[in-house]
Protein chains: 2
Amino acid sequence: MADRTYNFSPGPAMLPLSALEQAQRDLLALPGVGISILEISHRSKAFEAIIEQAEANLRTLLSIPSNYRILFLQGGALLQFAMIPMSLLRGQGKSADYIHTGTWAKKAMQQAKFQGGVRVAWDGSAASFKRMPSQEELDIRGGASYVHMTSNETIQGIQFQKTPDAGSVPLVCDASSDFLSRPLDISKYGILYACAQKNAGPAGVTVIIIRDDVLEGMPTDLPSMLNYKELADSKSLLNTPPTFAVYMVKLVTDWLINDIGGLEKMHRINQEKAALLYEAIDQCSGFYEGHADTASRSLMNVTFRLPTPELESQFVKGAASRGLVELKGHRSVGGCRASIYNAMPVDGVQALRDFMLEFSEANGR
Amino acid sequence: MADRTYNFSPGPAMLPLSALEQAQRDLLALPGVGISILEISHRSKAFEAIIEQAEANLRTLLSIPSNYRILFLQGGALLQFAMIPMSLLRGQGKSADYIHTGTWAKKAMQQAKFQGGVRVAWDGSAASFKRMPSQEELDIRGGASYVHMTSNETIQGIQFQKTPDAGSVPLVCDASSDFLSRPLDISKYGILYACAQKNAGPAGVTVIIIRDDVLEGMPTDLPSMLNYKELADSKSLLNTPPTFAVYMVKLVTDWLINDIGGLEKMHRINQEKAALLYEAIDQCSGFYEGHADTASRSLMNVTFRLPTPELESQFVKGAASRGLVELKGHRSVGGCRASIYNAMPVDGVQALRDFMLEFSEANGR
């Protein structure tokens with residue numbers, strides 16, 4: 001770890017050291033294969049075993065029911081923002097209900113508008129996206145094509161604590177930034193998707209979990225790479241998948257199963273890590289001001305402000321000089337943000353907490 | 001090299017050992033950065049330097065004129081097959097001319113048909129795709145949206161020796177399987193695109209080179225990830241790009257510049273490697289039968305048959321036992337295929353040539 005910093009980036013983000021070390025060890029040639037994972041044919045038995053294990057690991061971790069398919073696609077969540085309404089909204093004569101919880105929900109809505117009508121089922125903008133809605137606040141109508149939610153808003157630092165109930169309408173979830181950070185009841189979702197580069201692997205692969213009946217109802221006259229049905233039928237091998245990124249998902253999910261012991265344990269660790277930082281914020285209230293309402297605080301992205309932009313800048317620089325990097329908030333909202341995904345060690349969070357207390361002490365409180 | 005085999009896969013394919021070694025050395029932390037390339041923010045200065053160097057290397061190698069943009073996208077050539085007609089064909093009231101040279105040209109046409117009218121400017125199917133057309137044979141009409149060509153057909157093993165002239169119509173080229181294998185006059189193309197996993201890097205990134213005037217004429221009401229203009233304006237950073245794959249493109253193009261000495265030298269080496277195998281085929285004619293007509297032979301994919309499927313199967317197995325793997329032809333055409341992209345060492349080709357001569361000797365000739 002000597003040369004490695006604690007990287008609080010919102011994504012791409014830290015990966016488990018053991019996964020990085022295994023990838024490094026085997027980078028020139030996979031054991032017994034004689035070919036690098038970077039060179040291996042996606043039609044080879046060796047790669048088939050890797051992608052099947054990645055899928056099996058996800059099924060184990062999330063107890064994914066057998067009537068759900070798992071896809072490994074390219075293009076990030078931003079391409080999913082387009083593919084979902086292309087498949088479920090366009091030409092259906094219905095609208096889709098979007099829960100507008102922050103920057104990512106808004107981006108998802110913007111992409112959907114190219115394909116059809118979008119209704120806002122709840123709008124958090126008036127309250128500066130400080131919280132997630134309660135079930136009672138959601139204006140979900142039975143006739144929608146689907147209900148779209150964002151489980152965690154990385155920029156605002158708010159997270160759903162409970163899955164909303166969409167009734168009989170398929171619930172579609174962008175889980176990019178808290179996927180695999182806690183157990184989930186997959187059966188509540190029609191589609192759940194997540195780019196890998198927060199908790200599941202490196203940038204370059206996006207995991208889609210999709211219920212059979214939702215898949216079967218989709219149009220089939222779409223270009224192949226935008227056609228979930230074709231992609232699912234080919235088991236994500238319609239063309240060459242991002243082989244290395246899928247391999248890393250396998251290594252990261254191996255770590256979650258074997259080293260961490262599953263998602264309940266991971267969730268507990270994530271709760272402990274987040275508590276360290278939120279306690280520091282609360283302890284120094286008046287100096288640090290958290291963005292999120294307490295009940296909506298994200299376990300993944302801790303967002304806070306200091307009394308002045310100058311102090312924020314000093315804080316970010318001071319932290320970096322101790323090897324705690326990427327603490328600047330998103331340019332659209334300013335402030336500070338500590339992203340503490342699964343692979344951020346407790347030690348890193350403790351070091352940041354210590355620095356926060358020290359910095360507050362030294363700067364006027 | 002001890003544990004590494006010679007991998008004749010059509011792609012993903014071998015990468016230069018020096019690029020793999022550098023990636024391995026720096027996998028836990030980029031020197032001076034303290035963060036792995038697998039974890040680094042795509043908005044960081046360190047990654048900015050990497051993607052800019054990858055672009056600069058491509059500009060150097062191919063002398064790309066300044067009125068062309070370079071994009072690093074996801075989704076492979078198959079997504080380009082859809083994005084190109086979405087941008088240049090749909091709603092234009094024109095058709096597009098496709099040169100039908102083999103399996104990949106056909107796939108490109110199929111995807112275009114979702115967006116508009118497709119005309120076949122030449123059809124090689126009657127002659128079993130044994131050759132590329134001459135300029136005189138091409139039925140290119142001035143009114144087309146674009147002319148689409150496939151510079152090298154990996155499955156049939158045929159390659160254009162000269163860029164066709166499309167007149168004033170933008171020429172669009174799928175150069176996936178011979179990109180960076182020889183010098184090219186980029187100014188002849190409106191768009192040239194290539195997935196990386198043959199000559200340019202690992203699977204997971206696709207390079208698009210696009211002329212400004214073609215880009216400027218495109219519709220802007222497309223979903224962001226399918227919108228070349230938005231992707232170009234963001235310098236491929238509209239969302240998180242496949243950071244590791246882009247890094248590998250940088251390392252591979254570094255190797256082409258510094259170790260090989262540019263594309264003319266690379267081309268000469270590729271000619272020498274291909275000659276070794278084609279000479280073996282010609283020398284043992286009657287035993288080995290090449291698929292391609294001599295004048296259309298691909299320098300990248302050498303396709304040939306043996307007298308019987310049983311001998312082909314023995315040949316593939318015998319070669320594998322000597323560490324020469326992935327020599328089976330594509331399932332759609334059968335036979336054998338040796339893919340000898342840039343990073344396949346001359347030693348590997350010589351070993352295959354020696355085995356071909358020996359096998360022919362031992363089996364009836």
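Just so it is clear: chains get the letters A, B, ... in the order the sequence lines come, proteins before strands, and each one is counted from 1. Note that these values count all heavy atoms, side chains included, but never hydrogens, waters or copies made by symmetry.
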Given a strict heavy-atom distance threshold of 4.5 Å, which part of [X] is in contact with chain A: side chain, backbone, both, or neither?
X      : value
B:S36  : both
B:M83  : neither
B:P241 : backbone
B:A245 : neither
B:I37  : neither
B:A23  : both

B:L27 versus A:Q24, closest heavy-atom pair with distance: CD2-N, 3.5 Å
Among [options], which residue forms the greatest number of heavy-atom pairs with chain A at distances under 4.5 Å?
options                       : result
B:A343, B:A13, B:G201, B:P85  : B:A13
B:P223, B:P202, B:P31, B:P242 : B:P223
B:T243, B:I40, B:D26          : B:I40
B:A77, B:C195, B:G75          : B:G75
B:S44, B:G76, B:S224, B:A82   : B:S224

Does some side-chain heavy atom of [Y] sit less than 4.5 Å from a side-chain heavy atom of [X]?
X      : Y      : result
A:M225 : B:Q74  : no
B:E21  : A:L28  : yes
B:L79  : A:L226 : yes
A:P12  : B:H42  : yes
A:R4   : B:I35  : no

Proximity of residues 109-117 of chain A to chain B, residues having a non-hydrogen atom under 4.5 angstrom: A:Q111, A:F114, A:Q115
A:L15 backbone acceptor or donor facing B:E39 side chain under 3.5 Å: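 Present.
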Most chain B-contacting option - heavy-atom pairs closer than 4.5 Å, from A:L238, A:V33, A:L73, A:L222: A:L222
Top of A:S41, A:G204, A:G34 for chain B proximity - count of heavy-atom pairs under 4.5 angstrom: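 Heavy-atom pair counts peak at A:G34.
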A:W104 atom CH2: more than 12 heavy-atom contacts under 6.0 Å: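 Incorrect, the count does not exceed 12.
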Salt-bridge criterion met for A:E326 and B:R43 (N-O under 4.0 Å):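 Salt bridge absent between A:E326 and B:R43.
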